[in-house]
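Have a look at the structure below, then the notes.
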Amino acid sequence: MKKSVFLLLVFVTAVFRSYADEGMWLPQLLGQQVYNDMVKKGLKLSKEQLYSVNKNSLKDAIIIFGGGCTGEIVSPEGLIFTNHHCGYDAIAGASTVDHNFLRDGFYARNKGEEIKTGLSVQFLLRIEDVTREVMTALGSLSGKERADKQTEVLATINKRMSNAAASIETRVSALFKGNQYLAFVYERYNDIRLVGTPPEAVGKFGGDTDNWEWPRHTGDFSIFRVYANKQNKPAAYDPANIPLKPKWFLPISLKGVKEGDFTMIWGYPGGTNRYESSYGIKLATDVNNPTLVALRDVRLKYMFEQMKKDPAIKLKLASSYAGIANYWKFFDGETKQLLKYDVYGQKKTAEDRFNTWAKGKPEYQHIFADWAKAYDDWRPYAKARVYLNEGIMGSPLIGFAASLIPLRNALASGDTKEVIAKIAAGASEARGEFLKEEDKPSDQNILAAVTQLFYENVDKNQQPEAFYNDLQAKYGSLSEAASYKKYAADIFAQSMVFDDAKWKTFISNPDLAVLDADPAFAQAVAFIRNYQQGAGPKYQEFTAKNTDYGRLYLKGVMAMDPAKARMMYPDATFTMRVSYGQVKAYKPRDAVFYDYVTTSKGILEKYKPGDYEYDLPAKQIELLKKKDFGRYMDPVRKDLVIDFISSNDITGGNSGSPVINGRGELLGLAFDGNYEALSHKMAFDKDLNRTINVDIRYVLWCIDKLGGATNIINELKLVK
Ligand code: ARG
């Protein structure tokens with residue numbers, strides 16, 4: 001008996017080994033085979049030390065940082081490491097032209113100097129399987145009915161398992177495309193303070209040119225701290241709060257990495273779609289991605305034009321610009337890689353195999369015919385949807401105006417004074433936030449351009465006809481850019497959003513007619529109504545069907561190949577995952593070899609004084625030229641290692657994630673993926689996929705040598 005179990009294990013492990021780097025595993029369901037494979041590759045910790053329901057474990061050091069990043073606790077006093085690009089918005093928000101922390105960097109010399117932010121973080125307390133409860137409620141429903149029912153059941157469970165007073169939040173996640181449901185219970189801390197950041201020239205070195213690329217030389221880190229009340233529990237910001245005493249924190253390895261070293265990355269990958277259908281791939285490469293990229297091109301161009309002119313505008317727009325640019329390049333690269341590797345063809349081959357198996361099986365044989373039909377129905381509307389979200393709503397003014405629609409609904413339905421006053425107060429607060437980051441000249445140019453592009457590129461029968469007729473009557477020919485420019489100038493001159501006195505009068509006594517007469521609001525409403533009467537319902541219908549067929553397909557795939565099914569991991573859903581791999585070089589194309597680390601030499605090679613993306617602080621150049629690396633020098637390279645790559649399977653949301661060695665010590669922070677594998681959301685490439693990490697020794701060097709913040713270094717647990 002013992003022997004056969006042993007044989008089986010060997011067999012499964014052997015099958016598994018060929019695709020071991022792929023996978024974003026749920027830590028509490030880490031199968032024995034996966035765990036054994038990790039041990040074989042260098043993991044020294046027990047399963048209990050990684051994730052335990054009853055005891056403190058490594059998972060307690062891993063947090064959701066803000067709304068879409070990962071962070072990790074690195075000291076007994078609640079210190080957080082995350083990426084610079086994750087802290088970016090908070091850093092820009094804390095900066096002024098005179099105290100420009102974004103440009104110059106910042107390190108608190110003591111806790112009193114740490115800066116309040118609007119951020120929160122979440123700790124995962126536990127995970128519960130609620131599959132049976134959800135499945136019972138969903139029964140055999142399909143389409144929109146199933147989608148609606150799911151929303152309802154999940155909301156009920158979330159509510160039942162949450163406790164607002166204790167800052168406990170539960171979110172049920174549909175895994176394996178709705179074949180499994182797990183409830184994730186979190187505790188949210190709201191008092192998060194900025195502790196340190198390198199200058200942007202270091203934290204975003206290489207800018208958008210180097211973004212999503214290896215070789216890289218970016219010091220993409222920033223430092224925050226969690227504060228709690230005297231009972232170590234979540235509390236709103238209060239100067240009297242004290243640093244959190246965490247359940248777990250990561251020690252930091254000064255040893256450095258070499259090729260083949262075991263690396264695991266813990267964090268919150270946002271979303272993948274590894275079982276996307278061939279139809280979905282085609283719609284992405286033909287329509288969705290290129291449309292999004294073209295519209296972002298326009299927005300970025302107008303924003304950058306203004307940012308170059310004035311440091312105050314640069315500060316205002318920096319965070320929003322970085323976000324738009326990041327996924328502009330991502331989706332452009334994704335299209336190129338999907339086409340280059342013929343992911344469409346790969347999916348087709350897999351689907352053909354599935355269809356052969358499905359023949360004669362009533363639950364599965366019809367999926368692909370129905371799915372094709374759902375795509376055919378949706379495809380003609382897809383462009384209009386992107387034009388609304390990335391075009392018209394890409395004007396910050398129109399985006400804000402659209403957020404006033406709930407106020408309109410309350411006024412139109414005759415809600416009580418109290419309800420209306422409450423919504424109005426919220427709108428005033430949102431206006432304040434909007435104005436902080438609003439740059440009128442760039443927004444006005446964007447509005448003119450996207451209004452014209454929508455007219456030129458969206459099907460005539462999917463346009464708000466009355467809106468364009470009006471525009472033509474007042475401002476001239478719809479084929480002239482000048483007409484849209486005059487139109488946009490008027491909107492910006494007339495909207496009450498920019499007029500404090502008019503806004504105050506309106507919001508203290510909201511009136512439907514006044515709101516409707518506002519030209520920015522009117523445009524938002526015209527385009528949203530137009531969507532609700534055209535593409536909107538089609539989209540709902542399409543996504544409900546797409547979800548159904550996706551769920552059935554995956555269920556079928558697992559039924560077709562039960563041995564493989566046992567080794568499957570669920571798509572990323574912004575829930576905690578662990579991925580493991582190793583430090584590894586690669587060959588991006590014929591005859592080209594990419595080393596697995598970059599060093600200070602490369603920084604000096606890339607350095608361009610005065611450049612927008614490759615400039616550096618004088619002190620950094622001086623220290624690097626002197627080779628003043630201290631104890632952070634790599635003993636093999638005799639240099640300061642900046643970034644390194646590993647074969648881990650991660651995606652957006654993992655930003656800031658700890659790269660951890662077999663002993664549970666921090667080696668670096670994951671901050672990017674490589675260009676050659678930008679198709680990774682839909683297809684993992686086992687030869688080319690790499691995660692780009694900043695070496696923790698470079699992080700420490702920046703804090704210590706460049707920043708002089710020995711107070712922070714002293715708080716860490718450094719291990720040799
Ligand atoms: N590509 C990185 C990510 O999504 C973000 C890098 C931010 N840097 C930039 N140049 N925009 O995780």
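As the structure lists them, so they are numbered: ligands from 1, and atoms in each ligand from 1. Atom set for the values below is all heavy atoms of this structure, side chains included, hydrogens, waters and symmetry mates excluded.
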Out of the candidates N326, N674, D672, only one should pair with W212 under the side chain to side chain donor-acceptor pair (under 3.5 Å) rule; please name it. N326
Residues passing the disulfide (SG to SG under 2.5 Å) test with C702, sequence neighbours excluded, are none
Students often mix this up, so state it plainly: with edges at 30° and 60°, are the rings of Y186 and Y268 parallel, tilted or perpendicular? tilted
Contacts satisfying salt bridge (charged side-chain N to carboxylate O under 4.0 Å, His left out) that involve residues 60-69 (not counting sequence neighbours) are none
Below 6.0 angstrom between ring centroids: does that apply to F184 and F574? no
Side-chain donor-acceptor contacts of residues 290-298 below 3.5 Å, not counting sequence neighbours, with atom names and distances?
| residue | atom | partner | partner atom | Å |
| --- | --- | --- | --- | --- |
| T291 | OG1 | V287 | O | 2.6 |
| R296 | NE | E390 | OE1 | 2.8 |
| R296 | NH1 | I324 | O | 3.1 |
| R296 | NH2 | E390 | OE1 | 3.4 |
| R296 | NH2 | E390 | OE2 | 3.0 |
| D297 | OD1 | W328 | NE1 | 2.9 |

Those protein residues which place at least one heavy atom below 4.0 Å from ligand 1: H85, K204, G207, D208, N211, W212, N326, S655, F671, D672
